[in-house]
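We use all heavy atoms of the structure for the numbers below, so side chains are in, but hydrogens, waters and symmetry mates are not. Ligands are counted one by one from 1 in listed order, and the atoms in each one are counted from 1 as well. The residues of the chain are indexed from 1 along the displayed sequence.
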Amino acid sequence: MTRSTDLIHHPYQPPAEFEAPQVGVFKASTVIFPNVAAVRTREWMDKSAYTYGLHGTPTTFTLEARLATLEGGTHCILTPSGLAAIAHVDFALLKTGDEVLIPDNAYAPNKSLATGELAQFGITHQIYDPMDVDDVAARITPRTRLVWLEAAGSVTMEFPDLVALVKLCKTRGVLCALDNTWGAGLAFNAFDLTPGQGDLGVDLTIHALTKYPSGGGDVLMGSIVTRSDELARVLKLSHMRLGTGVGANDAEMVLRALASMPLRYQAQDQAARTLATWCCSQSAFSQVLHPALHNSPGHTHWRQLCVTPQVPEGLAAGIFSVVMDQRFTSAQVDAFCDALQLFKIGYSWGGPMSLVMPYHMKRGRVVRFCIGLEHVEDLQADILRALRAAHLQT
Ligand SMILES: *Cc1c(COP(=O)(O)O)cnc(C)c1O
């Protein structure tokens with residue numbers, strides 16, 4: 001069965017005589033035990049039983065099982081946000097004296113956590129160039145415990161050589177964790193990067209369910225997925241101590257939206273590629289950053305992972321950036337963003353509404369577009385109208 005079918009037909013057991021396609025919303029802090037012996041023997045860590053709402057309900061166990069299947073793993077832990085999933089991994093796996101490596105194009109709060117709380121706990125970090133495997137190799141020392149990976153990079157969209165980076169981490173005995181929000185478990189399988197050529201995969205993924213799995217722009221949630229029983233045990237013990245659970249209504253919203261995620265992902269991918277290709281012909285933009293474009297950084301690595309015989313056109317998230325021509329000032333770029341009417345100014349992506357955000361990067365002034373579910377012709381007209389309104393194009 002394909003993974004999109006698994007998102008709908010998972011072996012969920014409804015209560016007797018209430019067979020319905022949807023999963024029930026189970027809410028409880030207290031779970032009642034039939035007797036004291038059950039208190040002593042029930043085990044939540046392997047999901048064989050229920051003990052307390054924070055440790056799982058039929059609703060959250062089902063969502064966890066579906067997400068693990070989606071990403072190609074075997075264990076899943078839910079967290080209150082994508083960032084909480086990143087923090088959970090750091091707190092569970094790192095101790096004083098350890099070092100963590102983070103790509104320079106990573107989701108920015110991942111780096112802020114390293115300069116903030118991790119530094120306070122005596123955990124150091126280094127920022128590496130994700131497009132230079134030798135740079136990563138040179139930075140690994142006996143203190144390196146964890147390497148964060150992201151494909152494609154937030155904002156600048158470089159697609160790293162994940163296969164080489166994961167091989168390097170395995171050879172050097174360092175754990176690697178992928179922020180899998182962009183690929184969403186659909187564009188490539190993070191736990192099987194070289195299908196048919198032996199087992200090569202990341203040790204764990206985090207996923208901002210806030211984006212594609214929620215799909216509505218109205219839920220904050222994250223997940224951690226792994227295939228390793230040992231890592232799952234460590235992460236679950238931390239989960240018990242940190243106490244970061246998720247609400248049943250939020251879990252229900254994600255379960256409801258998961259079934260349509262592959263279709264939404266594909267639709268937003270197609271619209272983003274149509275727009276990105278059109279943007280290449282606009283003189284206001286000196287470069288368009290989208291890994292499926294031939295001249296975008298890491299295009300060949302994207303092809304290697306995301307183009308398969310089953311999906312010859314490949315898959316990519318519905319998000320891209322443009323580098324603004326150097327002749328424009330910051331005020332002009334801001335005026336362009338302000339002049340957009342359908343693209344709203346805001347963070348996040350994967351929802352129904354298209355979003356825009358300007359950034360100052362090493363490459364120059366970069367504007368990121370996140371494509372929603374509006375008609376692509378309307379979005380293209382909006383960009384053209386805003387370019388003219390801000391006098392960036394005649
Ligand atoms: C949004 C995002 C996160 C964080 O998710 P939140 O649920 O907003 O905390 C992490 N990584 C990436 C790549 C993201 O886009």
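- Side-chain contact annotation: Arg139 with Gln126, donor-acceptor N/O pair under 3.5 Å present.
- Between Glu158 and Thr156, the side chains place a donor N or O and an acceptor N or O closer than 3.5 Å (distance only, hydrogens not considered).
- In the model, Glu43 has no side-chain atom that pairs as donor or acceptor with a side-chain atom of Ser48 under 3.5 Å.
- Side-chain contact between Phe159 and Pro297 is absent, with no heavy-atom pair separated by less than 4.5 Å.
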Which pairs of nitrogen or oxygen atoms, taken one from ligand 1 and one from the protein, are under 3.5 angstrom apart?
from     : atom 1 : to     : atom 2 : distance (Å)
ligand 1 : 7 (O)  : Gly82  : N      : 2.7
ligand 1 : 7 (O)  : Thr210 : OG1    : 2.5
ligand 1 : 9 (O)  : Gly82  : N      : 3.2
ligand 1 : 9 (O)  : Leu83  : N      : 2.9
ligand 1 : 11 (N) : Asp179 : OD2    : 2.6
ligand 1 : 15 (O) : Lys211 : NZ     : 2.5
ligand 1 : 15 (O) : Trp349 : NE1    : 3.2

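- Contact annotation: the side chain of Phe320 never approaches that of Arg368 to less than 4.5 Å [non-hydrogen atoms, C-beta and beyond].
- At a threshold of 4.5 Å between non-hydrogen side-chain atoms, the residues Asn105 and Ser154 do not count as touching.
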